[in-house]
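For reference, the structure discussed in these notes is given below.
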Amino acid sequence: MTNEKLYKDVFITTFNLDDNDKLLSLEYNTIEEWDSIGHMQLVAALETSFDIMLDMDDIIDLSSFSKGKEILGKYNIQF
């Protein structure tokens with residue numbers, strides 16, 4: 001599985017999304033599921049899926065689907 005597919009699957013599974021077209025514009029608090037609890041579930045899923053430990057600043061900065069890719073790049077995850 002590619003990192004791109006894995007990344008998308010984390011969001012789709014965590015937030016129970018049907019339409020992955022929404023992913024590119026997805027931002028924190030734009031859907032009911034991405035609240036503070038959903039945010040921590042997303043962080044845990046990303047850390048598990050990519051075998052990383054996100055810094056607190058990165059957890060706070062994770063504000064959108066696209067920003068998440070940028071953050072993961074700091075951990076040598078290539079898309």
Side-chain angles (χ1 to χ4, degrees):
M1 179 180 302
T2 67
N3 285 341
E4 181 75 27
K5 173 86 169 106
L6 182 58
Y7 184 71
K8 286 180 179 180
D9 285 351
V10 167
F11 274 82
I12 289 168
T13 301
T14 301
F15 299 132
N16 197 26
L17 301 173
D18 292 327
D19 183 7
N20 89 47
D21 290 340
K22 292 180 185 178
L23 290 176
L24 296 178
S25 63
L26 190 61
E27 295 182 357
Y28 179 72
N29 268 336
T30 58
I31 59 172
E32 185 177 328
E33 295 82 3
W34 198 352
D35 57 8
S36 59
I37 294 170
H39 188 75
M40 295 314 296
Q41 291 171 330
L42 174 64
V43 167
L46 289 170
E47 289 179 334
T48 299
S49 296
F50 290 100
D51 194 27
I52 58 173
M53 183 66 95
L54 294 170
D55 290 335
M56 185 57 65
D57 289 341
D58 292 331
I59 292 170
I60 293 167
D61 210 22
L62 179 58
S63 58
S64 69
F65 180 82
S66 57
K67 184 66 176 180
K69 283 184 167 183
E70 181 183 318
I71 290 169
L72 291 183
K74 295 182 347 184
Y75 297 86
N76 297 318
I77 310 291
Q78 302 296 316
F79 293 98

*More than 12 non-hydrogen atoms from neighbouring residues, nucleotides or ligands closer than 6.0 Å to CE on Met56, yes or no?*
no
_Between Thr30 and Leu26 (side chain of the first, backbone of the second, donor and acceptor by atom type, cut-off under 3.5 Å), is there such a pair?_
no
Side-chain donor-acceptor pairs under 3.5 Å in residues 72-79, sequence neighbours left out?
unit_1 : atom_1 : unit_2 : atom_2 : d
Lys74  : NZ     : Asp58  : OD1    : 2.5
Tyr75  : OH     : Asp55  : N      : 2.9
Tyr75  : OH     : Asp58  : OD2    : 2.5

*Would you mind checking if Lys69 and Glu4 are paired as a salt bridge, meaning a charged N to carboxylate O distance below 4.0 Å?*
yes
*Hey, does Lys8 have a side-chain heavy atom less than 4.5 Å from the side chain of Phe65?*
yes
*Do you know which two heavy atoms are closest between Leu6 and Ser49, and how far apart they sit?*
CD2-O, 3.6 Å
*asked:* If I take atom CG from residue Asn29 and atom OG from residue Ser64, how far apart are they, to the nearest 0.5 angstrom?
replied: 13.0 Å
Show which side-chain atoms of residues 33-40 pair as donor or acceptor with protein atoms under 3.5 Å away, not counting sequence neighbours.
unit_1 : atom_1 : unit_2 : atom_2 : d
Trp34  : NE1    : His39  : ND1    : 3.0
Asp35  : OD1    : Ile37  : N      : 3.2
Asp35  : OD1    : Gly38  : N      : 2.8
His39  : NE2    : Ile59  : O      : 2.8

*For residues Gly68 and Leu62, report the shortest heavy-atom separation together with the two atoms involved.*
CA-CD1, 3.3 Å
_Test your reading of the model: is there a side-chain donor-acceptor pair from Ser25 to the backbone of Lys22, 3.5 Å cut-off?_
yes
*asked:* Let's go through Ile71 and Leu46 carefully: what are the C-alpha distance in whole Å and the side-chain angles of both, what is the deciding distance for side-chain contact (heavy atoms from CB on, under 4.5 Å) to 0.1 Å, and is it a yes or a no?
replied: CA-CA 11 Å; Ile71 290 169; Leu46 289 170; over 6 Å; no
*Hydrophobic cluster identity match, Phe50 and Met53, side-chain contacts under 4.5 Å*: no
*Nearest 0.5 Å, what's the CG-OG1 distance between Asp9 and Thr14?*
10.0 Å
